[in-house]
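Down below is the structure, laid out as structure tokens.
What you see is a predicted model, and the numbers here were worked out from it, not measured in a lab. Each ligand, and each atom within it, is numbered from 1 in the order the structure gives.
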Amino acid sequence: MYCLGIESTAHTFGISIVERYSRKVFSNVRDMFRSESGGLIPVELSEHHVAVWESVLHSAIERAGISLSDISLIAYSRSPGLGHALRIGSIVARCLSLRLGVPLVGVNHCIAHLEVGRVHSGFADPVLLYASGANTQIIALEEGLYRVFGETIDLGVGNFLDSVARFLGLGFPGGPALERLAAEYSGPLLPLPYSVKGMDVSFSGMQTAVRSLLSSHSPQAIAFSVQEHAFALLVEVSERALAHTGKQSLVLGGGVACNQRLSSMCQRMCSVRGVSCFIPDKEFLVDNGAMIALLGIRHAEKNLFIPVSQAGIDPYERTDEVSSLHQ
Ligand code: AMP
Ligand code: MG
């Protein structure tokens, strides 16, 4: 009994095969749109997903060592994301559901990041620091709803890092390139705006300030200072969410959590507070089909199937509009 999970909210088209009872991930294949210019153009993304979906599907089936007829559930990312990208995943999901005669579930991408962290850490009820390209949220369950305890009020942290990388003439994705540059620097921290507003964070002030540093400082100094400021914001609000909720564990999600500096800052904060910290393997931090399948399996356990005729997309669904699956 296998679930096939399809991720298609933004730059990545991914398909994973997960066994429904053991939650074991048998394959997790992804193909990410890349561009030299550093931009993400929705029409180009959708063309990429249309071009790769079939080969991603075949690799996922082949690597799992199963055949299509072994699939008993299709899960797809229904929300939130770029409409152009979401639509390709939902069409592939609907076609497979019809072709194989198996039920369909549509899941929220942000909650899927929480679910993969929860399953792989074994923590019953963690706080999630979700730091990705478009999204930056601190999410936890409270009274039957996934609450957003803090979030960016402008850019996602990954998009912010990508824009800094673009200023420095680096391609997309920019986060890994900035991490490499930052590691080469050992000078003083450059001052940048540090914007925490209540539990929310903001990156646009820092983005404007970085432009004015470009001509007078090295890319290494800029990369280092940007990382230190941006990650300190995230760690500060994560710590406050832990303090407010009294929860005993933090999990990380999103591509920015691949960053060693961010993960070591989170681990240090958690160890000082005496709470547990779990950072999933990279393949489960970035956008991937396995987290969609894992959350889809929970939807199926609650009979939250959707008919093919209603299996659309919801680009703007917010995390706190989704009811808890834990009841
Ligand atoms: P996601 O949207 O979750 O797939 O993550 C993509 C984002 O993660 C992009 O903005 C990348 O620049 C960023 N990212 C990936 N690896 C790293 C890294 N090592 N350090 C910082 N950001 C990263
Ligand atoms: Mg994501």
Residues Leu141, Asp125; criterion side chain to side chain contact (heavy atoms under 4.5 Å, CB included); working and verdict: CA-CA 7 Å; Leu141 253 183; Asp125 187 18; 3.7 Å; yes
Under 3.5 Å donor-acceptor, His49 side chain and Ala10 backbone: yes
Residue selection (non-hydrogen contact nearest atom 22 (N) of ligand 1) among Ala257, Gly175, Ser263: Gly175
Within one Ile-Leu-Val-Met-Phe-Trp-Tyr cluster: Leu178 and Leu252, side-chain cutoff 4.5 Å: yes
Partners meeting salt bridge (charged side-chain N to carboxylate O under 4.0 Å, His left out) with Arg63 (sequence neighbours left out): none
Short side-chain donor-acceptor distance under 3.5 Å, Asp70 and Tyr2: no
Distance-only N or O hit between ligand 1 and Pro173, under 3.5 Å: no
Listed partners of His120 passing ring pair (Phe, Tyr, Trp, His ring centres under 6.0 Å), at least two apart: Phe284
Test of proximity, Glu179 against ligand 1: N or O pairs below 3.5 Å: yes
Salt bridge flag under 4.0 Å for residues Arg180 and Glu184: no
For Gly254, atoms of ligand 1 separated by under 4.0 Å from a heavy atom: 3 (O)
Protein residue, atom and distance nearest to atom 7 (C) of ligand 1, heavy-atom basis: Gly133 N, 3.8 Å
Cluster link Ile6 to Phe305, ILVMFWY, side chain under 4.5 Å: no
Donor on one side chain, acceptor on other, Arg94 and Ser90, under 3.5 Å: yes
Distance filter under 4.0 Å to Gly174 heavy atoms, resulting ligand 1 atoms: 12 (O)
Protein heavy-atom partner closest to atom 20 (N) of ligand 1 - residue, atom, separation in Å: Asn259 ND2, 3.0 Å
Closest to atom 23 (C) of ligand 1 (judged by heavy-atom distance), picking from Gly255, Gly14, Ala223: Gly255
Test item: Ser46 side-chain N/O and Ala85 main-chain N/O as donor-acceptor pair under 3.5 Å: no
Tyr146 (side chain) donor-acceptor with Cys110 (main chain) under 3.5 angstrom: no
Closest protein heavy atom (residue, atom, distance) for atom 6 (C) of ligand 1: His11 NE2, 3.8 Å
Residue portion contacting ligand 1 (non-hydrogen atoms closer than 4.0 Å) for Asp287: both
Polar protein atoms near the Mg ion (ligand 2) [N, O or S; cut-off under 2.8 Å]: His109 NE2, His113 NE2, Tyr130 OH, Asp287 OD1
Heavy atom of the protein closest to atom 10 (O) of ligand 1 (residue, atom name, distance): Asp162 OD2, 2.7 Å
Gln260 and ligand 1 - part of the residue with a heavy-atom distance under 4.0 Å: neither
Numbering as shown, the atoms of ligand 1 that approach Ser132 to under 4.0 Å (heavy-atom distance): 1 (P), 2 (O), 3 (O)
Summary of ring-ring contact (aromatic ring centres under 6.0 Å, His included) pairs that have at least one residue in residues 200-225, sequence neighbours excluded: Phe160-Phe203, Tyr185-Phe224
Ser204 side chain to Asp154 side chain, donor-acceptor N/O pair below 3.5 angstrom: yes
Atom 13 (C) of ligand 1 - nearest protein heavy atom and its distance: Val256 CG2, 3.9 Å
Which of the ligand 1 atoms, numbered from 1, are nearer than 4.0 Å to a heavy atom of Gly158: 10 (O)
